[in-house]
Amino acid sequence: MCKIKKLTSTACMKNAAGVTGTGYMAPSEEFASWPAYQNTSDTLGDGDTVRLDGNFSFTGAGTGNGYFRTYPMLLEKGQVNYKLVGGLGSKSYEVTASFYVLGLNAEELEFGTSMKNIPGVWLFKDKNNVVHCLGSKDDPAYISEGDGTTGAAATDERGTLYTCRWITSTPQVYEGTINLTPIA
Amino acid sequence: MKGFTTTDMLPEPVRAQYEMTKPLEGGPRFNLPHYGGDVDFSTITVQQAAALVRMKCPYIRLKVLAAKKVDPEPPK
């Protein structure tokens, strides 16, 4: 039986809702390897079984690749959800992340065209600096929904709401560097 | 070291006081989620480097100054 510790409350806990304004995405095929979970002890309770160990590696991804592409996300329109799915005793996490990209110009439409079918790794940093990682090198996440509109009235928004989806038995929290420089 | 951010890539005023703790794959631009966000190690200022060290960023540190050489006393 695995060792399970109690979950304790944190004094003066910071627990702001929402995600920050920049999203990160890299095609899963560009990763050279995938970090293991920290798992520093065999005792569950301190988070190390869901924290990835170290930094991502993009060695060999090729010139112009091997980095996280960034995109702006509209305030208060992004969130990451963890939903348990499956039958009794067979539960997995359905992790979804929704985000709103403002604008419906050629650049934003091109972004959607590029992202809509690509197997990828998506990072979402929440307001508590927890970086939620969807997808992995061999088990990528995909865009599952996209709903764009020009809006009809001046009170409407013009842009696209995307949802990224990933199924996993164990969530991933990433604490390493996010490389923003393509390989030269 | 191609594909890695090393001490050599730090600006000269920063390199005089700080060094990378180890070659960091990728860069020189990173987002460091727990250490203030976007950082470009090729254009970082001394103030930014100091702030990273204060935040206990594991990738950069103050250089250990070489021990001051002391000539031995001549025999009496």
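Only a predicted model underlies this, so the values are computations on that prediction, with no experimental measurement involved.
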Heavy-atom closest contact (B:Pro33 atom, A:Gly176 atom, distance): CD-O, 3.6 Å

B:Asn31 CG to A:Leu123 CG distance, which is reported to the nearest 0.5 Å: 9.0 Å

Joint hydrophobic cluster, A:Phe56 plus A:Tyr67, side-chain heavy atoms closer than 4.5 Å: no

Other residues, nucleotides, ligands: >12 heavy atoms within 6.0 Å of B:Lys22 NZ: no

Results of side chain to side chain donor-acceptor pair (under 3.5 Å) for A:Tyr82 - residues two or more places apart only: A:His132

Cluster check A:Met73, A:Val95: I/L/V/M/F/W/Y, side chain < 4.5 angstrom: yes

Other residues, nucleotides, ligands: >12 heavy atoms within 6.0 Å of A:Glu157 CD: yes

Any donor-acceptor pair under 3.5 Å from B:Glu25 side chain to A:Phe58 backbone: yes

Under 4.5 Å from a heavy atom of chain A, the part of B:Pro28 involved: both

Euclidean distance, B:Asp38 CG relative to A:Ile178 CD1, rounded to 0.5 Å: 8.5 Å

Residue selection (most heavy-atom pairs with chain A, distance under 4.5 Å) from B:Gly27, B:Gly26, B:Gly3, B:Pro58: B:Gly27

Interface moiety of B:Asp40 toward chain A, non-hydrogen atoms closer than 4.5 Å: neither

Winner by heavy-atom pair count (cut-off under 4.5 Å) against chain B, out of A:Val131, A:Thr59, A:Ile183: A:Thr59

Heavy atoms of other groups near A:Glu76 CD, more than 12 under 6.0 Å: no

Over all atoms of both residues, closest heavy-atom pair of B:Leu24 and A:Asn55: CD1-ND2, 3.6 Å

Contact origin within B:Tyr35 toward chain A - heavy atom pairs under 4.5 Å: neither

Shared-cluster residues of A:Val130, by chain and number - hydrophobic side chains joined below 4.5 Å: A:Val50, A:Val173

Region of A:Tyr24 in contact with chain B, defined by heavy-atom distances below 4.5 Å: side chain

Cluster link B:Val14 to B:Phe41, ILVMFWY, side chain under 4.5 Å: yes

Residues, nucleotides or ligands: over 12 heavy atoms within 6.0 Å of B:Phe4 CZ: yes

Residue pair A:Thr181 / B:Arg29: nearest heavy atoms and the distance that separates them: OG1-N, 2.9 Å

Rounded distance [0.5 Å steps], CG in A:Asn129 versus CG in B:Leu32: 11.0 Å

N/O donor-acceptor pair under 3.5 Å between A:Asn179 side chain and B:Phe30 backbone: no

